[in-house]
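Below is one structure, written out as structure tokens; comments come after it.
The chains referred to below are lettered A, B, ... by the order of the sequence lines, with proteins before strands, and numbering in each begins at 1. Computed from a prediction, not measured in an experiment: that's the story for all the values here.
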Amino acid sequence: MVERAEDEEKWLAAGIAGLQQNAFYMHRALDSNNLRDALKYSAQMLSELRTSRLSPHKYYELYMRAFDELRKLEMFFKEEARRGCSIIDLYELVQHAGNILPRLYLLCTVGSVYIKSKEAPAKDVLKDLVEMCRGIQHPVRGLFLRSYLSQVSRDKLPDIGSEYEGDADTVVDAVEFLLQNFTEMNKLWVRMQHQGPAREKEKREKERSELRDLVGKNLHVLGQLEGVDLDMYKETVLPRVLEQVVNCKDEIAQFYLMDCIIQVFPDEYHLQTLETLLGACPQLQPSVDIKTVLSQLMERLSNYAASSAEVLPEFLQVEAFSKLSNAIWKVIEAQVDMPIFGAVTLYSSLLTFTLHVHPDRLDYVDQVLGACVTKLSSAGKLEDSKSTKQIVALLSAPLEKYNDIVTVLKLSNYPRVMEYLDNRTNKVMAIVIIQSIMKNKTCIATAEKVEALFELIKGLIKDLDGDLHDELDDEDFKEEQNSVARLIQMLYSDDPDEMLQIICAVRKHFLTGGPQRLPYTIPPLVFSSLKLIRKLQGQDENVVGEEASASPKKIFQLLNQTIEALSVVPASELALRLYLQCAEAANDCDLEPVAYEFFTQAYILYEEEIADSKAQVTALHLIVGTLQRMHVFGVENRDTLTHKATGYSAKLLKKPDQCRAVYACSHLFWVDDQDSIRDGERVLLCLKRALRIANAAQQMANVTRGSSGSATLFVEILNK
Amino acid sequence: MVLVLALGDLHIPHRAPDLPPKFKSMLVPGKIQHIICTGNLCIKEVHDYLKSLCPDMHVTRGEYDEDSRYLETKTLTIGQFKLGICHGHQVIPWGDLDSLAMLQRQLDVDILVTGHTHQFKAYKHEGGVVINPGSATGAYSSITYDVNPSFVLMDIDGLRVVVYVYELIDGEVKVDKIDFKKTATTNSAH
């Protein structure tokens, strides 16, 4: 293979040398106005292009040099024409060249001047040339020759408004010329596939790929003709091009040309010819990557729809959506071996299209998702990451478009698609959903919607089957659950009954979450409920005699049970705090027994569960602080609770802590804004007790460390 | 001119999803030299976010804070002022000025910053200042009904500190300003 490359370099060098030498003589002849000699040398020069030894890449280099030389020759011919030399004669003369390839190059060159002189109708000359080029059937040489023809004729086509348009010459002729050239070039191109031994197929395909733009150029020129309006495109151009594409039965050509058609011609044309274009798709070779083609088409149409609102009615008129979804359905049916990834990509493109063009038609969106579900159901749960990524993209698209989870919740097929994701991806998707809600600050206001939402994010709420706990990273888990916690703040309804329903629904789901999740999920739920209670408090006067379904009492009952659930974790410190919060709320509602019950629970937790001294100090601060604010208790209850609190304080481990806690308790006996609680004696008792402890503390400290640290305690007590 | 941000009681994610967007857009990294946080953030994410606004951050422990390494009280000196931070649930009765003043004397600071009540307060008291920046997210509080999100920005310049309080009322940010001047004190002996 290396030898071939080296040899090729040698041949190319030789070719270029030969070409340049003949060019030199040609120029000399031109300078001395020796037409015969000039033609002779030019023919010799062009003979270098007769080689079969060069790959397309190298041939192109040779071709470019010849092209440059021919330009100069053309200029000479033009001069000759002006000086009165007959073009027709020239046209005859060049045909005497010995070999056909140089002859045809020269003919094209003269033909260009011929058309320009307008001595004959453009269409006649063009027709002649395009026919004559059939003489070269070798693929590479033929392609380059026709490419040359295309290049020199480009500005001389009888397009509308061009100088070459006449009564006999119309754009129809231009189109005909281009279509013919295109057809012939495609045939040559396809023929390359079958040349040569089978083992060199890869090399051939690579060479073909290098040449494809030569073929595509014809379509570009077609696309740029002014005269090719929608009707001409529909009646003539598209059918002829598609005919060639389908009939050539070549995978590489079909894929490239379909793509070319989509890129070259305007989107409005595609809309109006959608049926024809899509009709060609099932007729293509099965190995053609049709999904990329369709995706490209849908993407272009989506962008077209997004560009301006005025084009949208067109889409409805041509029933674009149903045509596209039918086409996709047919393709998927036909290609049984298409991998799931491919099918999902197609549906993804269709979904994007639908969201751009028909955003208000949720039923269309749902349809697309439904079709996806049907396809997925034959495959079971997805394992490969490409497909899962694609599905996540598919599901994220409606979220981004609508920015409103409530709309997305209406799509009945959405959760079904999620079913097919593996557990990890399910969670990823759930987080995406939550992030979308948080970003858009969407409020979810009915219990029904909450249920639907929780169905979608159930991967986060509880363990799904087959979950492996050791897989889960600690940090990630925390983040996950914190997201869920934040989500709760977004579930809100102004109607208390509805709100209570929401709380109940959420509670039901959370309690299935298992001990690891509860510490994260229960607190926001509790606070949500407390907020509701406070709201109901304000409304209490209005609800007279009605059996209101949402009442503080009921909610407190719920809360009691909910916080109890934390005991399985166990999370006693958290539970204690929550009980105290509830007690305060009950206080505000004047529900003495409820508040007492909460305090009892808190005390029990303190006695039984909280053993760490630091935790005890904080807990006690909270207990005393809360109790100090309570006004709902009758004398007996208050006494019991205070007595207990003081007792706990005295039993703390470190003396300084004890002392501080006890003097804090002194506040329990004297609350400035409540006349019933002004028991000076008990206050004094407390302070004296604190003093005793401080003394003891100082003595101890002197024994062990001899410091005067406890002097501060005395100061503090003094302040009190 | 030293800018000190004082805020606390965010209670994210238990009682609030996030800081109000209007506050977030005002708090830009690089403008503030110190952050004082009274506590109850409650999770690491919030800590990291605040740290990104200003690396010099001082936090004290609130009763719901996840991170147990925060201290109960903290003191620091900025310019001519000594500042003290404490969450406030340790000071009983909660919100009582006299008890807070006791804490101020105990810590020997000019400015005491506490929280827990979720209500903005600023008192001049015996040559010092007691500030409560309220709750930056407007979180539910058993003590205060109708909490408006608020935080405090202190501008310390020599012997003078200007306290700006930002409150979010009905969707609009309202700013108020209080001036304090420190009298050059001599250290009093016991």
Side-chain angles (χ1 to χ4, degrees), chain A residues 437-438 441 475 478-479 481-490 520 522-528 530-531 534 537-538 573-574 576-577 580-585 587-588 614-615 617-619 621-622 624-629 660-661 663-668 671-672 711-712 715-716 719-720, chain B residues 10-21 39-46 48 61-72 86-108 116-117 137-147 190:
Chain A
I437 298 178
M438 302 309 302
K441 309 239 178 294
E475 285 268 340
K478 260 197 208 165
E479 268 188 57
Q481 295 306 313
N482 281 328
S483 301
V484 176
R486 287 196 216 211
L487 177 62
I488 304 305
Q489 318 289 349
M490 297 281 120
Y520 296 99
I522 298 287
L525 181 59
V526 169
F527 285 111
S528 229
L530 289 175
K531 277 191 217 164
R534 187 171 277 175
Q537 256 185 282
E573 285 179 54
L574 181 58
L576 183 119
R577 286 157 177 67
L580 289 175
Q581 289 279 346
C582 292
E584 262 193 276
N587 178 55
D588 294 331
K614 211 169 157 223
V617 173
T618 315
H621 275 142
L622 294 173
V624 175
T626 317
L627 192 49
Q628 195 258 348
R629 296 172 50 81
R660 292 198 173 97
Y663 73 60
C665 285
S666 66
H667 284 282
L668 292 174
V671 182
D672 272 331
T712 46
V715 178
E716 287 173 31
N719 277 315
K720 283 282 159 190
Chain B
L10 292 96
H11 287 283
I12 296 172
H14 298 154
R15 304 190 205 181
D18 207 354
L19 277 168
N40 275 343
L41 292 176
C42 313
I43 50 180
K44 187 168 174 294
E45 277 171 23
V46 184
D48 290 338
R61 188 157 174 272
E63 76 272 31
Y64 284 93
D65 270 315
E66 190 181 71
D67 194 342
S68 52
R69 291 171 302 168
Y70 298 147
L71 300 169
E72 298 282 325
C86 176
H87 177 246
H89 68 266
Q90 305 93 330
V91 179
I92 294 169
W94 292 334
D96 179 48
L97 180 56
D98 289 320
S99 308
L100 288 173
M102 190 179 104
L103 180 61
Q104 185 187 12
R105 288 194 295 274
Q106 195 175 17
L107 295 174
D108 188 25
H116 189 62
T117 61
T137 52
Y140 170 90
S141 160
S142 51
I143 303 168
T144 316
Y145 282 41
D146 289 331
V147 181
H190 264 295

Rounded to the nearest 0.5 angstrom, the OG-CG distance for B/Ser142 and A/Asp588 is 8.0 Å
Got a sec, which residues hit ring pair (Phe, Tyr, Trp, His ring centres under 6.0 Å) with A/Tyr520, two or more places apart in sequence or on another chain? none
Using a 4.5 angstrom heavy-atom cutoff, name the option from A/Met490, A/Lys441, A/Glu479 with the most pairs to chain B. A/Glu479
Winner by heavy-atom pair count (cut-off under 4.5 Å) against chain A, out of B/Ser141, B/Ala139, B/Pro21: B/Ser141
Do the side chain of A/Gln489 and the main chain of B/Pro13 share a donor and acceptor less than 3.5 angstrom apart? yes
If you count heavy-atom pairs under 4.5 Å between each of A/Ile522, A/Val624, A/Thr618, A/Leu530 and chain B, which one has the most? A/Leu530
In this structure, OG1 of A/Thr626 is separated from NE2 of B/His89 (nearest 0.5 Å) by 10.5 Å
Please say whether more than 12 non-hydrogen atoms of neighbouring residues, nucleotides or ligands are located less than 6.0 Å from NZ in A/Lys531. yes
Could you grab the distance from atom NE2 of A/His621 to atom CD of B/Glu72, nearest 0.5 Å is fine? 7.5 Å
From the list B/Ile12, B/Asp98, B/Ile143, B/Val91, the residue making the most non-hydrogen contacts under 4.5 Å with chain A is B/Ile143
Do you know which of A/Glu573, A/Lys478, A/Gln581, A/Met438 has the most heavy-atom pairs with chain B at a distance under 4.5 angstrom? A/Gln581
Can you name the residues that form a ring pair (Phe, Tyr, Trp, His ring centres under 6.0 Å) with B/His11, not counting sequence neighbours? B/Tyr64, B/His118
Non-hydrogen atoms of chain A under 4.5 Å away: do they reach the side chain of B/Ala101, the backbone, both or neither? neither
Non-hydrogen atoms of chain B under 4.5 Å away: do they reach the side chain of A/Leu574, the backbone, both or neither? side chain
What's the separation between atom CG in A/Leu580 and atom CD in B/Glu63, rounded to the nearest 0.5 Å? 9.5 Å
Output the distance between atom NE2 (B/His14) and atom CD1 (A/Ile488), rounded to the nearest 0.5 Å. 11.5 Å
Taken to the nearest 0.5 Å, the spacing of B/Asp146 CG from A/Arg534 CZ works out to 7.5 Å
Heavy atoms only: give me the nearest B/Tyr140-A/Ala585 pair and the separation to one decimal. OH-CB, 4.1 Å
